[in-house]
Each structure stands twice: as structure tokens, then as C-alpha cells.
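These notes concern the structure reproduced below.
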Amino acid sequence: MLNYQNCTLCPRQCGVDRTAGKTGFCGMPGSLFAARAAAHYWEEPVISGSFGSGAVFFSGCTLGCAFCQNEKISHENFGREISHSQLREIFERLIDEGCQNINLVTPTHFLPSILPALTPKLPVPVVYNCGGYERVETLQELDGLVDIYLPDMKFSDNALAKTLSRAPDYFETAAAAIREMYRQTGSFVIEDEQMTRGVIIRHLILPGAIDNSLGVLDWIAESFPENDVLVSLMSQYVPMGRAKSMPPFDRTITEEEYDAVLSYMDFLGIENGFTQDFTAASTDFIPPFDLEGI
């Protein structure tokens, strides 16, 4: 049973009682906070579809990435408190507006409040959009409630994970979590150009860290049946937050870096998925966190 007392929802396992006003790594109390709920058009095409993904952006985060593009909500904890019944109403409104799925963005530290809002099962797929750094035990509580998992696999290099995300156990933790996600959903399913089930693994190429990316692709190729999961290789890195003063992470990636990783993905035979145009390194894809829809 997931709860906010002695909180162990994420791999940090802080053990604090968030209902008593204490906060752990995520910085959030034992009540639900969100910063935006609206149609979102900047996910992978099979998620965004023609009418947008019904994205709910939750406040706080269980990772502390130095380069986070959603810093206002993830690190500064901007948002408004809502109840689980209000969250259910938000889901239903987004569906009524035409959104073809409900997209939970960085939800793990609020799962005790989110789970009641997912019952009864929604009439559209539920997308679990996270940084990959998850506990298997927590994910098991989502079995049957989540249709599509959209995790990052940020690092194969734990030293880099420690420097950039304060998660020295990132690789083995995310690897186990994503395997559990795949166990729950199985092979991806796309119907009428919309994903209805499966896993998309995202990887953001970081400047000066080609070996980290190659390690991630090696793990994907070794861990899943050929082309059974989708891979989203992202070139959109833009220096944000603390990364602006942390060379080489104070620059965008080069075209040579992107081409090297893309060529390796082709070499491994990873064919199903998505790549970004090299010009995607822009802040234009960051939505305004202005409490819309909350």
C-alpha cells in the first residue's frame, strides 16, 4: 500500500512522514500539487496525436538533474494543491476536450493521491512519463492502471548520474524499473497512428558524453526482444539551471556528437522509434507553467 508516511515511494527512500509537514528529496508535502493540465503537442507523434496529449505536470521531482528544462516546477516546486477528486475531474475534462490519452508527468512522489483518480479505469490510455529512476515495488502498484510507459534512460554511466542528477545508482535502478514497465505492457501497440500500449524509452544525448549514450543503446539492444520497445533519441539538450556553469554541459551538443550516436543506433539494428532534427535544441518546447487547467 503506497502512502506518504515513512515515504519510500522513490529510490531515495527518505523515510520521512510527509503528512507531518516534513519533506524528503522531492521537496513536496503529503498532498497533491500540479502546475499545468492541458493538451500537449510536443511528445512523440504516437503520444501527441492530432489533438494533443492530456498532460498533467506535477510539482517536485525525485531526480535533481542539473540540466532540467522544467526547473520551475521540478526544483522550485511551483504548483497549486488539488485533491484526487479534482484530479479525476481534470482527467475527464481533458478527455472531453479531445485528448487521446492522459499523460502523467513526473508523478511518482504523488502516487497515493493519483491512484484513486485512476479508478475506475479511464476510457483512454494512461501514459506514465518519468525520469526512469523508479522503484520496482512502487511500479508494481500501477500494473493494470498504466497502458504506456514513457521513461527516460538518462545514464549508463553512474559517475555522470551522480554529478548531474545526484543518483549514483541510476543505471541499475532505472534498468530494473524499465524491465518492470515492459513486463507490465509487453510489446508496443499502435492503432490508427496512436500508441495504445507499450514502452517508449527516451534518451537525451548530453554534450561531451557520447560513451554514456552508446552504453544506453547497448543496454536497450541487449535487454529487450528486437524492436519490441520504441526508442526516442533526443538532440534537444539546452543548458539550463546549474548546468550553465558546468562545462561541457554549458553548451548544446554538436552535430558530430548526434551523428555518432545515431549511427551507433543504426549499427545495433534499433529501428523502431523516433529521432529529432538537430535543430531541436531550443526552449520553444518547454510549456508555460502558469497553472493552466489546474
Side-chain angles (χ1 to χ4, degrees), residues 2 4 7-16 18 23-29 33-36 43 55-79 103-111 114 127-139 142 146 149-181 199-207 209 212-213 215-216 219 232 234 236-244 246 249 285-287 289:
L2 304 182
Y4 295 123
C7 186
T8 58
L9 294 171
C10 85
R12 308 284 180 185
Q13 299 191 65
C14 298
V16 301
R18 289 165 60 191
T23 57
F25 188 94
C26 68
M28 300 306 300
F33 281 77
R36 179 180 172 84
E43 308 287 26
V56 182
F57 289 84
F58 296 99
S59 308
C61 186
T62 58
L63 277 172
C65 299
F67 52 86
C68 182
Q69 294 187 343
N70 296 348
E71 186 172 20
K72 182 176 180 179
I73 60 172
S74 63
H75 295 171
E76 299 174 14
N77 298 339
F78 173 78
N103 186 351
L104 310 175
V105 185
T106 320
T108 300
H109 48 295
F110 290 127
L111 279 182
I114 295 172
V127 181
Y128 201 83
N129 187 339
C130 66
Y133 191 62
E134 307 287 340
R135 289 191 71 204
V136 168
E137 296 82 355
T138 299
L139 292 172
L142 295 166
V146 170
Y149 281 99
L150 187 58
D152 294 327
M153 185 48 142
K154 296 177 184 289
F155 307 105
S156 63
D157 181 345
N158 274 340
L160 191 60
K162 180 179 180 180
T163 297
L164 292 177
S165 297
R166 292 181 280 176
D169 60 342
Y170 180 92
F171 176 65
E172 57 270 28
T173 302
I178 296 173
R179 283 194 291 266
E180 169 61 19
M181 296 173 190
V199 178
I200 302 178
I201 303 172
R202 285 174 166 170
H203 176 67
L204 176 66
I205 302 170
L206 300 171
N212 177 66
S213 294
V216 167
W219 175 79
S232 182
M234 305 168 74
Q236 68 184 45
Y237 179 87
V238 177
M240 304 286 286
R242 292 184 292 118
K244 291 180 180 179
M246 296 173 64
F249 310 108
F285 301 105
I286 303 173
F289 297 117

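We number each residue from 1, following the sequence as shown.
Shown here are the ring pair (Phe, Tyr, Trp, His ring centres under 6.0 Å) partners of F67, two or more places apart in sequence or in another chain: Y237. Applying the ring pair (Phe, Tyr, Trp, His ring centres under 6.0 Å) criterion to F78, with sequence neighbours excluded, gives no partner residue. Applying the ring pair (Phe, Tyr, Trp, His ring centres under 6.0 Å) rule to Y128 yields the partners Y149; only residues at least two apart in sequence or on another chain are considered. Here F249 pairs with nothing under the ring pair (Phe, Tyr, Trp, His ring centres under 6.0 Å) rule; sequence neighbours left out.
Taking both residues in full, the closest heavy atoms of L63 and H75 are given as O-NE2, 4.3 Å, listed atom of the first, atom of the second, then distance. Nearest heavy atoms, R166 versus G64: NH2-CA, 3.8 Å. Heavy-atom minimum distance, S59 versus F110: O-CE1, 3.1 Å. Scanning all heavy atoms of the two residues, the minimum distance from S156 to G215 falls at OG-CA, 3.4 Å. Here the closest non-hydrogen pair linking T8 and T138 is O-OG1, 4.1 Å. Residues A55 and V105 come closest through the heavy atom pair CB-CG2, 4.3 Å.
Legend: salt bridge (Lys or Arg N to Asp or Glu O under 4.0 Å) pairs involving residues 154-163, not counting sequence neighbours, sorted by first then second residue: D152-K154. Counting only residues at least two apart or in different chains, salt bridge (Lys or Arg N to Asp or Glu O under 4.0 Å) contacts with residues 167-180 comprise E180-R183.
Seen from the ring of Y4, R18 does not count as a face-on cation partner, given the 6.0 Å and 45° thresholds.
At a threshold of 4.5 Å between non-hydrogen side-chain atoms, the residues P287 and R36 count as touching. The shortest distance between side-chain heavy atoms of C130 and P151 falls below 4.5 Å. Contact check for R135 versus L9: no side-chain heavy atoms found under the 4.5 Å cut-off. Contact of the M153 side chain with the I178 side chain is registered, since non-hydrogen atoms from C-beta on lie closer than 4.5 Å. At a threshold of 4.5 Å between non-hydrogen side-chain atoms, the residues E71 and C61 do not count as touching. Within the 4.5 Å cutoff, side-chain heavy atoms of H109 are placed close to those of T106. Within the 4.5 Å cutoff, the side chain of L104 has heavy atoms near those of the F58 side chain. At a threshold of 4.5 Å between non-hydrogen side-chain atoms, the residues V16 and T23 do not count as touching.
Taking CD1 of I114 as the reference point, atom CG of L111 lies at 5.0 Å (rounded to 0.5 Å). Between the NZ atom of K72 and the CG atom of N77 there is a distance of 12.5 Å, given to the nearest 0.5 Å. In this structure, OG1 on T62 lies 8.0 Å from CZ on F25, to the nearest 0.5 angstrom.
Just one of W219, Y133, Y170, F171 meets the ring pair (Phe, Tyr, Trp, His ring centres under 6.0 Å) condition when paired with F155; it is Y170.
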(Q) Pair L150, R202 - check side-chain contact (heavy atoms from CB on, under 4.5 Å), show working. (A) CA-CA 7 Å; L150 187 58; R202 285 174 166 170; 3.5 Å; yes
Q | I205 vs M234, side-chain contact (heavy atoms from CB on, under 4.5 Å): CA-CA, chis, key distance, verdict | A | CA-CA 6 Å; I205 302 170; M234 305 168 74; over 6 Å; no
Q | Derivation of the side-chain contact (heavy atoms from CB on, under 4.5 Å) call for C68 and S74 | A | CA-CA 8 Å; C68 182; S74 63; 3.1 Å; yes
Q) side-chain contact (heavy atoms from CB on, under 4.5 Å) between L164 and M246: does it pass, once the steps are laid out? A) CA-CA 9 Å; L164 292 177; M246 296 173 64; 3.8 Å; yes
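S213 and H203 share a donor-acceptor pair across their side chains, judged by distance under 3.5 Å alone. Under the 3.5 Å distance criterion, with hydrogens and angles disregarded, no donor-acceptor pair is assigned to the side chains of E134 and T173.
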